[in-house]
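The block underneath contains the structure these notes are about, expressed in structure tokens.
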Protein chains: 2
Amino acid sequence: MTEHEPASQRTTMKRGTNRAVYSPDEIRAVLQAGMIAHVGVTTEDGPIVLPMAYGLRGDQILVHGSVANAMLRGGRGIDVCITVTIVDGLVVARSPLHNSMNYRSVVIRGLASPITDPADQADALKVINDHLALIWDTARAPSESDYKQTLVLSVPLAEASAKIRDGDPIDDDDDIAGPCWAGVLPLTSTWGNPIDSADLRDGIQPPTAVNTLSGSDAHG
Amino acid sequence: MTEHEPASQRTTMKRGTNRAVYSPDEIRAVLQAGMIAHVGVTTEDGPIVLPMAYGLRGDQILVHGSVANAMLRGGRGIDVCITVTIVDGLVVARSPLHNSMNYRSVVIRGLASPITDPADQADALKVINDHLALIWDTARAPSESDYKQTLVLSVPLAEASAKIRDGDPIDDDDDIAGPCWAGVLPLTSTWGNPIDSADLRDGIQPPTAVNTLSGSDAHG
């Protein structure tokens with residue numbers, strides 16, 4: 001990571017446990033491990049932040065959802081902030097105000113553009129769909145009318161930065177000599193066993209892509 | 001939930017699996033089960049969304065972090081949107097564009113005010129600290145100078161709404177008769193075993209509050 005040192009260090013950083021990351025590879029790794037994006041836009045009624053599914057394609061992040069329609073009501077190209085956060089653990093310090101969380105987070109600021117070309121939109125939706133699980137090709141192919149209800153936005157990753165905190169709490173020397181415990185309680189998100197839909201016909205098994213995820217680390 | 005039906009239904013709602021929730025009790029339950037908030041504000045450079053720790057006190061949500069300082073640079077009282085999302089599972093439909101996620105989400109819009117009274121700030125920080133784990137009282141008490149580095153914001157829950165999706169995918173009848181699998185892959189977040197800090201002195205054990213969390217559902 002030494003090749004991509006941040007230009008300026010935040011005041012909370014010390015002992016290397018809490019740092020901003022500007023390496024495109026590390027930013028991409030966080031985005032690949034993340035599950036949902038929180039997308040913020042400015043409206044006439046103030047800021048709004050909504051959770052959305054996302055995917056990565058080339059140097060763009062793609063988001064979609066019916067909410068995208070409302071967000072884009074103002075026209076083509078709007079200023080957005082897309083934030084993806086993974087919580088990795090609770091950091092317990094000897095002084096309560098030094099408690100923290102271990103996390104990986106990426107903040108992307110940029111101009112969101114709607115993807116309107118039909119073939120491009122179909123590809124973008126497949127990318128978003130397959131971000132969590134490769135289940136697109138195990139379902140029936142979408143029809144033309146399916147696509148019309150969905151809006152996909154594309155935002156360049158050019159203005160992305162990551163912040164990663166890992167490792168131990170940072171206590172003052174006086175506190176380290178004291179009687180209190182300090183450490184980390186790790187957090188793991190795991191996919192469970194597939195649950196058949198109530199309307200599933202007899203004898204149909206989950207696809208391999210679903211069975212493969214089952215039991216695995218969701219941020220792995 | 002019948003006592004608190006939403007005033008208007010979103011277009012995506014059908015068959016009762018996807019609904020907006022306006023009951024204060026249900027909104028509070030989602031916020032109590034959540035872990036981090038994504039806080040959005042409007043800046044001169046466009047919207048920004050940052051992950052922050054939070055807690056609940058009376059009819060207010062409290063957030064804190066060094067980033068709060070930058071967010072409040074414009075003065076007292078700023079328009080914010082605070083969104084808390086818990087992902088509960090991957091919803092696999094027979095048609096890929098009907099794939100979805102099961103989730104619980106709360107969106108709060110309102111005016112954020114800094115908490116400046118020292119006793120009030122101390123209480124607010126304890127509330128935020130204890131949101132995930134009751135570890136405040138097992139550490140040394142904070143000093144006066146500890147408090148000076150932290151800014152806490154308070155936002156009323158008056159303009160809060162929740163959206164909860166659970167249950168099966170919603171497929172078209174033609175697809176239900178087809179050969180594809182449909183169902184849910186549940187997601188569970190679990191606290192692991194406590195890891196001692198590298199600088200922990202010999203013989204100090206984790207407090208009961210930490211041991212109690214270990215192995216439990218983080219959104220339980």
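In the text below, chain A, chain B and the rest are named by the order of the sequence lines, each starting its count at 1.
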Looking only at heavy atoms and a cut-off of under 4.5 Å, which of [options] has the most pairs with chain B?
| options | answer |
| --- | --- |
| A198(A), A177(A), S143(A) | A177(A) |
| I82(A), I204(A), V92(A) | I204(A) |
| G192(A), A182(A), P206(A) | P206(A) |
| S197(A), G183(A), A218(A) | S197(A) |
| V87(A), N193(A), T83(A) | T83(A) |

Would you mind telling me which of [options] has the largest number of heavy-atom pairs within less than 4.5 Å of chain A?
| options | result |
| --- | --- |
| V91(B), L90(B), D137(B) | L90(B) |
| S105(B), P186(B), P179(B) | P186(B) |
| C180(B), G203(B), P207(B) | C180(B) |

Closest approach of [X] and [Y], non-hydrogen atoms and distance?
| X | Y | answer |
| --- | --- | --- |
| D79(B) | G46(A) | OD2-CA, 3.4 Å |
| L200(B) | R94(A) | CA-NH2, 3.5 Å |
| C81(B) | P47(A) | CB-O, 3.2 Å |
| H38(A) | H38(B) | ND1-ND1, 3.2 Å |
| I48(A) | V107(B) | CD1-CG1, 4.3 Å |

With a 4.5 angstrom heavy-atom cut-off, could you sort out which part of [X] is near chain A: side chain, backbone, both or neither?
| X | answer |
| --- | --- |
| M35(B) | both |
| T43(B) | side chain |
| V210(B) | both |

To the nearest 0.5 Å, what is the distance between [atom1] ([X]) and [atom2] ([Y])?
| X | Y | atom1 | atom2 | result |
| --- | --- | --- | --- | --- |
| N99(A) | I135(B) | CG | CD1 | 4.0 Å |
| W181(B) | N211(A) | CH2 | CG | 8.0 Å |
| M52(B) | T85(A) | CE | OG1 | 12.0 Å |
| L185(B) | W191(A) | CG | CH2 | 6.0 Å |

Answer whether the closest heavy-atom distance between the side chains of R140(B) and D174(A) falls below 4.5 Å.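 Sidechains of D174(A) and R140(B): no contact.
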
Region of D196(A) in contact with chain B, defined by heavy-atom distances below 4.5 Å: both

Checking the side chain of [X] only, and the main-chain atoms of [Y] only, is there a donor and an acceptor separated by less than 3.5 Å?
| X | Y | result |
| --- | --- | --- |
| R201(A) | G178(B) | yes |
| S95(A) | P142(B) | no |
| S189(A) | T188(B) | no |

Residues in ring-ring contact (aromatic ring centres under 6.0 Å, His included) with H219(B), at least two apart? none

Using a 4.5 Å heavy-atom cutoff, which residues in residues 118-129 of chain A come close to chain B?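 Result: L125(A), N129(A).
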
